[in-house]
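Below is one structure; the comments refer to it alone.
Here is how names work: the chains are called A, B, and so on, in the same order as the sequence lines, proteins then strands, and each is numbered from 1.
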Amino acid sequence: MLVASWNVNNVIRRLDHLLDWLGRYRPDVVALQELKAQTEAFPRDALRQAGYESLVVGQRTWNGVALLARGHDIIEVSSALPGDTSDKQARYVEAAINGVLFACLYLPNGNPQPGPKFDYKLRWFDRLRKRAEGLWACGEPVVLLGDWNVVPTDADIYKPDTWRDDALLQPEARKAFADVLEQGWTDAIRATHHAQVPFTFWDYRRNRWERNAGLRIDHILVSAQFKVNDAGVHKEERGKESPSDHAPVWAQLELRRTPRATRPAAKDRIPPHRARRP
DNA sequence: ATGTCATTTGAGAAATGA
């Protein structure tokens with residue numbers, strides 16, 4: 001199963017690139033962020049003609065997330081991250097697709113820091129950590145993917161020192177990400193690239209694309225039921241004319257034959273009537 | 001502080017977010 005995540009930075013402006021990319025790679029499930037469009041304005045029909053059903057949580061001007069699926073229904077689980085009903089920003093959508101739970105997320109950027117925006121980022125991250133904990137424990141295969149707006153380590157950025165004060169590198173944000181990973185999730189890019197990870201974002205300013213001055217802030221985390229066969233970044237999308245400032249990140253996943261994290265193999269299970277005997 | 005890109009407000013240029 002090929003899954004991918006892409007912060008498209010305005011889905012309407014990026015529609016041609018998106019359709020072209022979907023046609024070339026045919027991912028099974030796609031998470032989109034920064035739609036910058038209301039739900040009614042989302043190009044649902046164009047995507048359906050390309051073979052994709054969509055579940056959209058849109059918002060005027062800012063934010064907006066969506067899940068796309070090819071050949072399977074999308075069963076909505078949640079259109080908001082639990083934990084704060086007063087939070088109206090469209091940053092989270094969760095759905096079941098072909099027996100797998102997908103959480104598409106767009107974490108707050110948090111700049112400038114310190115300040116209220118950074119506080120919001122950390123609160124949002126804490127709510128996500130709690131949700132991830134519940135999803136990990138539910139026993140189903142789960143994929144958490146999106147724009148996490150966090151550079152996990154200094155190895156995930158071209159030159160950390162010039163970004164040291166940025167919200168994306170703050171120790172509190174890095175710890176929040178590490179705390180989610182600590183639950184057991186596998187970072188698909190990290191697991192397949194080890195020391196030399198690819199970047200996923202290159203700021204529009206200061207010729208950062210031309211200089212490959214990038215950051216790794218888009219992440220795909222998978223639960224223990226999955227084997228990550230391969231993962232990467234479709235970097236060429238960032239080199240196109242009028243690109244998003246992010247490139248798509250992808251992972252080729254396979255369900256393990258024996259989901260050990262869920263339950264033991266049949267031969268190892270103790271029949272209930274014998275287990276109850278003293 | 002700057003840069004880039006796009007949008008919003010409100011009617012041109014400035015602020016906002018990323």
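Residues Q59(A) and A90(A) share a closest heavy-atom pair of OE1-N, 2.6 Å.
Atom CZ of R206(A) is separated from atom C1' of dT4(B) by 12 Å (rounded to the nearest Å). Straight-line distance from the NE2 atom of H17(A) to the C1' atom of dC5(B): 14 Å, rounded to whole Å. Taking atom CG of D166(A) as the reference point, atom P of dA18(B) lies 12 Å away to the nearest angstrom. Atom CG of N111(A) is separated from atom P of dA1(B) by 13 Å (rounded to the nearest Å). If you take CG of D147(A) and P of dG17(B), they are 17 Å apart, rounded to a whole angstrom. With rounding to whole Å, Q59(A) atom CD is found 14 Å from dT7(B) atom C1'. The CH2-P distance, from W62(A) to dT8(B), rounds to 8 Å in whole Å. In this structure, CZ of R211(A) is placed 11 Å from C1' of dG3(B), rounded to the nearest angstrom.
The shortest distance between the side-chain N/O atoms of K36(A) and the OP1/OP2 oxygens of dT7(B) is not below 4.0 Å. For dA1(B), neither phosphate oxygen OP1 nor OP2 lies less than 4.0 angstrom from any side-chain nitrogen or oxygen of R205(A). Between N9(A) and dA6(B) there is no side-chain polar atom (N or O) within less than 4.0 angstrom of OP1 or OP2.
Taking the P atom of each, dA13(B) and dA1(B) are spaced 25 Å apart, rounded to whole Å. Taking the P atoms as reference points, dA6(B) lies 25 Å from dA11(B), given to the whole Å. Comparing the P positions of dA14(B) and dG10(B) gives a spacing of 15 Å, expressed to the nearest Å. Taking atom C1' in both dG3(B) and dG17(B), the straight-line distance is 15 Å, to the nearest Å.
A residue-by-residue look at N109(A) and R14(A) shows that R14(A) has its nearest nucleotide of DNA chain B further toward the 5' end. The 5' end of DNA chain B is approached more closely, in terms of each residue's nearest nucleotide, by S242(A) than by the other of S242(A) and D245(A).
Judged purely by distance below 3.5 Å, without hydrogens or angles, the side chains of N9(A) and K36(A) pair a donor atom with an acceptor atom.
The side-chain contact (heavy atoms from CB on, under 4.5 Å) test with W21(A) is passed by exactly one of E237(A), K240(A), R26(A): E237(A). Partner of H246(A) under the ring pair (Phe, Tyr, Trp, His ring centres under 6.0 Å) criterion, out of F201(A), W148(A), Y106(A): F201(A) alone.
When distances are taken from the side chain of T61(A) to each of dT7(B), dG3(B), dG17(B), the shortest belongs to dT7(B). Distances were taken from every side-chain heavy atom of R60(A) (C-beta onward) to each of dG3(B), dT8(B), dG17(B); the shortest belongs to dT8(B). If you check dT7(B), dC5(B), dA1(B) against the side chain of Y204(A), the one that comes closest is dC5(B). Nearest nucleotide to the R208(A) side chain, out of dA6(B), dA18(B), dG3(B): dG3(B).
Across all strands, N10(A) comes closer than 4.0 Å only to sugar-phosphate atoms, never to a base (heavy-atom distances). The residue F201(A) sits apart from the nucleic acid: no heavy atom pair falls under 4.0 Å.
Between the N111(A) side chain and the A167(A) main chain, a donor and an acceptor come within less than 3.5 Å of each other. Distance alone, capped at 3.5 Å, places no donor-acceptor pair between the R129(A) side chain and the D179(A) backbone.
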